[in-house]
Amino acid sequence: MPFWLMKSEPDEFSIADLQQRGSGRWDGVRNYQARNYLRQMAEGDLFLFYHSSCATPGVAGIGRISRSAYPDPSALQPDSAYFDGKASATGNPWSAVDVEFVERFEHVLALPALKADPRLADLALVKKGSRLSVMPVEPEQWQAILSLR
DNA sequence: GCCAACGTTGGC
DNA sequence: GCCAACGTTGGC
């Protein structure tokens with residue numbers, strides 16, 4: 001069972017939002033590498049919910065993939081911030097997955113703590129300049145992060 | 001708000 | 001195919 005990490009700006013969608021709603025759609029990914037990882041996800045896969053561009057960037061909890069990748073509807077909605085004029089119903093290059101709430105950490109596992117852990121040195125998240133918003137997490141990295149709770 | 005780093009676009 | 005310009009990401 002693969003593990004993943006996905007970034008979201010908590011102002012847009014946070015672990016608290018997912019907890020409250022129980023489930024949601026992970027859409028708006030507009031980067032091909034990240035999209036390709038979305039397409040590799042299977043129902044039941046767990047992911048780390050990362051808060052970016054906020055006061056305390058870090059891993060805020062865990063979610064589960066409840067529906068594997070399908071064409072991202074937001075690309076076709078002109079009123080969406082994620083609208084893509086080059087996408088069409090028959091040619092939509094973007095993917096979304098559905099997710100469900102699993103766990104909200106008592107404290108956000110802040111980025112500096114993740115960077116300081118040598119077990120996470122190879123995680124794309126902590127590498128300088130990395131902007132990837134969806135990435136795989138190795139089982140050892142997954143365990144290392146959970147040990148920081 | 002700043003800015004480094006990255007991905008994309010488009011001229012050539 | 002190269003690469004400069006541009007827009008975006010995201011930490012600080």
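Residue numbers begin at 1 in each chain, while the letters A, B, ... track the order of the sequences.
- If you measure from atom CG of A/D11 to atom P of C/dG11, you get 13 Å, rounded to the nearest angstrom.
- Note: A/W26 and A/F47 have perpendicular aromatic rings, judged against thresholds of 30 and 60 degrees for the angle between ring planes.
- When heavy atoms are screened at a 4.0 angstrom cut-off, A/K115 is found touching the sugar-phosphate backbone but no base atom.
- Of all nucleotides listed (C/dG7, C/dG11, B/dT9), B/dT9 comes nearest to the side chain of A/K86.
- Separating the CG atom of A/N36 from the C1' atom of B/dG7 is a distance of 14 Å, rounded to the nearest angstrom.
- Nearest to the side chain of A/R131, among B/dA5, C/dG11, C/dG10, sits B/dA5.
- One interatomic measurement links the two molecules: OH of A/Y32 to P of C/dT9, which rounds to 15 Å at whole-angstrom precision.
- Note: CZ (A/R30) to P (C/dT9) measures 11 Å, nearest angstrom.
- Atoms NZ (A/K7) and C1' (C/dT8) sit 12 Å apart, rounded to a whole Å.
- A/R35 places its CZ atom 15 Å from the P atom of B/dG7, with the value rounded to the nearest Å.
- Aromatic pair A/W94/A/Y70: ring centres not closer than 6.0 Å.
- Between A/F3 and A/W142, the two ring planes are parallel [angle under 30°; tilted spans 30° to 60°].
- Straight-line distance from the OH atom of A/Y50 to the C1' atom of C/dG10: 8 Å, rounded to whole Å.
- A sub-4.0 Å separation between OP1 or OP2 of B/dA4 and a side-chain N or O of A/K128 is absent.
- We find that CG of A/N31 is positioned 10 Å from C1' of B/dC6, with the value rounded to whole Å.
- Between A/E103 and the options A/R149, A/R64, A/Q19, a side-chain hydrogen bond (donor to acceptor under 3.5 Å, both in side chains) holds for only A/R149.
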